[in-house]
Amino acid sequence: MDETEAPTIVSRLPPAGGIAPPVTDDWVARLGSGRDRDQAIAELHGLMLRAARHQIATMSEAHELGWTRREEIVHAAADEATSAVLSRLSRFEGRSRFTTWAYKFAILQTAVEVRRSAWRRRETDLTALGEPASPTTGPEAHAEASDLGRAVDEAMNSVLTDHQRHVAVALLIDGVPIDVLAERLGSNRNALYKTLHDARVRLRNDLTTRGYLGARAPEEATP
Amino acid sequence: MSPRSRRLSSRAAGRLTLDAEPYLSCDDCFEQVDVQVDALVSGVSESLPPAFRAHLVGCAACRAEARTLLDLAAHEVGADRDTLLAHFDRELAAGTDLL
């Protein structure tokens, strides 16, 4: 494949394996202990390759990695996802199509590795907790500060912890992908999103109290 | 460390103060994304559950991955991918100009 050619996207692919995919029960049975388990695993790996290729094709940051690295990521993600699916087979409850359930593992593996690979080339210090983003280097550098912006800035300094401020600045101002920040901080996506969520709640509460944001309607607060 | 002042645009301020309630974790989002996607693809549901939607609005990584899954799932059953993806985008964009 030419280096400049975009990775294959799903619309260019034939159905998995060129044949109609087995129904859910068939997949679970075949991958579990069926006589053609090896063939079923090979077909599953093909599905994971398809999902990985599709995910990588949607990511603009993947383009700068080059074809060879993209292929490495696709195959590694497909291998990891195949293992993940097989190890979780007993937890598949049939609430979705088997293929939809399985695809999500390959998509996640691929997306995380692309984000991390793309950012490994960047000289960014993400370890200085509490250090605000430089106004001259972020994507918002030349944006005009708004009244709300000034109020949010004040709130960030007064109601957020150093860790909350660092995570919020990195994710929402500097544009650092959450998986990259998690890797640099020795954390994970789940924990960082919780930190970000709590920071947003603190900021909203402060800005609401100060009259910059409207109060939440009671019915909106009901899950 | 003494906090410094930043110059925040309206969009940056909007991202920082986004209302992402009800809370849903990334792990719980991953657990149910296949079910929610298939519900959209099959037409069982036209809208996303509030917590799931709020999470996708607030988490760019989960949002991008859910969108890919929707595309793949739609292709799998021969559904109209463009229409489904446009519907998905509208669902998440409702009430915010940040996406």
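The chains referred to below are lettered A, B, ... by the order of the sequence lines, with proteins before strands, and numbering in each begins at 1. Side-chain atoms are counted along with the backbone in the values below, which use heavy atoms only and exclude waters and symmetry mates.
For B:Val37, the part sitting under 4.5 Å from any heavy atom of chain A is the side chain, from C-beta outward, and nothing else. Of the two parts of B:Ala39, neither the backbone nor the side chain holds a non-hydrogen atom closer than 4.5 Å to a non-hydrogen atom of chain A. Only the side chain of B:Val77 comes within contact range of chain A, with at least one heavy atom under 4.5 Å from a heavy atom of that chain. Interface remark: A:Leu207 contributes side-chain atoms only to the contact with chain B (heavy atom separation under 4.5 Å). No part of B:Leu70 comes within reach of chain A, as not one of its non-hydrogen atoms sits under 4.5 angstrom from that chain. A:Leu213 touches chain B through its side chain: at least one heavy atom from C-beta onward sits under 4.5 Å away, while N, CA, C and O do not.
Using a 4.0 Å cut-off between charged side-chain N and carboxylate O, A:Arg115 and B:Glu65 make a salt bridge. Salt-bridge check for B:Asp38 with A:Arg97: failed, with every basic side-chain N at 4.0 Å or more from each acidic carboxylate O.
When each of A:Gln55, A:Arg95, A:Lys104, A:Arg91 is checked for heavy-atom pairs under 4.5 Å with chain B, A:Lys104 comes out on top. Comparing B:Arg67, B:Gln32, B:His55, B:Gln36 by how many heavy-atom pairs each has under 4.5 Å with chain A, the most go to B:His55. Most heavy-atom pairs under 4.5 Å with chain B, from the set A:Met156, A:Arg189, A:Glu93: that is A:Arg189.
Ring-plane geometry between B:Phe30 and A:Phe105 is classed as perpendicular, the angle between the planes exceeding 60 degrees on a 0 to 90 degree scale with a lower cut at 30.
For the pair A:Leu172/B:Leu18, no side-chain contact is recorded, criterion being any heavy-atom separation below 4.5 Å from C-beta on. Looking at heavy atoms from C-beta onward, A:Arg50 lies in side-chain contact with B:Glu76 at the 4.5 angstrom threshold. Side-chain atoms of A:Arg200 and B:Leu16, non-hydrogen and from C-beta on, never get closer than 4.5 Å to each other.
Checked by atom type and distance alone, the side chain of A:Asn190 pairs as donor or acceptor with a backbone atom of B:Asp27 at under 3.5 Å. A:Arg204 places a side-chain N or O within donor-acceptor distance of the main-chain N or O of B:Thr17, the cut-off being under 3.5 Å.
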Side chain to side chain contact (heavy atoms under 4.5 Å, CB included) between A:Ile107 and B:Leu72, worked out | CA-CA 10 Å; A:Ile107 290 170; B:Leu72 279 166; 3.8 Å; yes

Using the side chain to side chain contact (heavy atoms under 4.5 Å, CB included) rule, take B:Leu8 and A:Arg150 through it: C-alpha gap first, then chi angles, then the decisive distance, then the call.
-> CA-CA 7 Å; B:Leu8 296 178; A:Arg150 280 187 285 273; over 6 Å; no

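Rounding to the nearest 0.5 Å places SG of B:Cys59 at 5.0 Å from CD1 of A:Ile178.
Applying side chain to side chain contact (heavy atoms under 4.5 Å, CB included) to A:Tyr193 and the options B:Cys26, B:Cys29, B:Ser25 leaves one that passes, B:Cys26.
Counting all heavy atoms, side chain and backbone alike, B:Glu21 lies closest to A:Val201 at OE2-CG2, 3.4 Å. Summarising the geometry of B:Gly58 relative to A:Leu196, their closest heavy-atom pair is O-CD2, 4.3 Å, with the distance given to 0.1 Å. Smallest separation of non-hydrogen atoms from B:Leu69 and A:Thr100: CD1-O, 3.4 Å.
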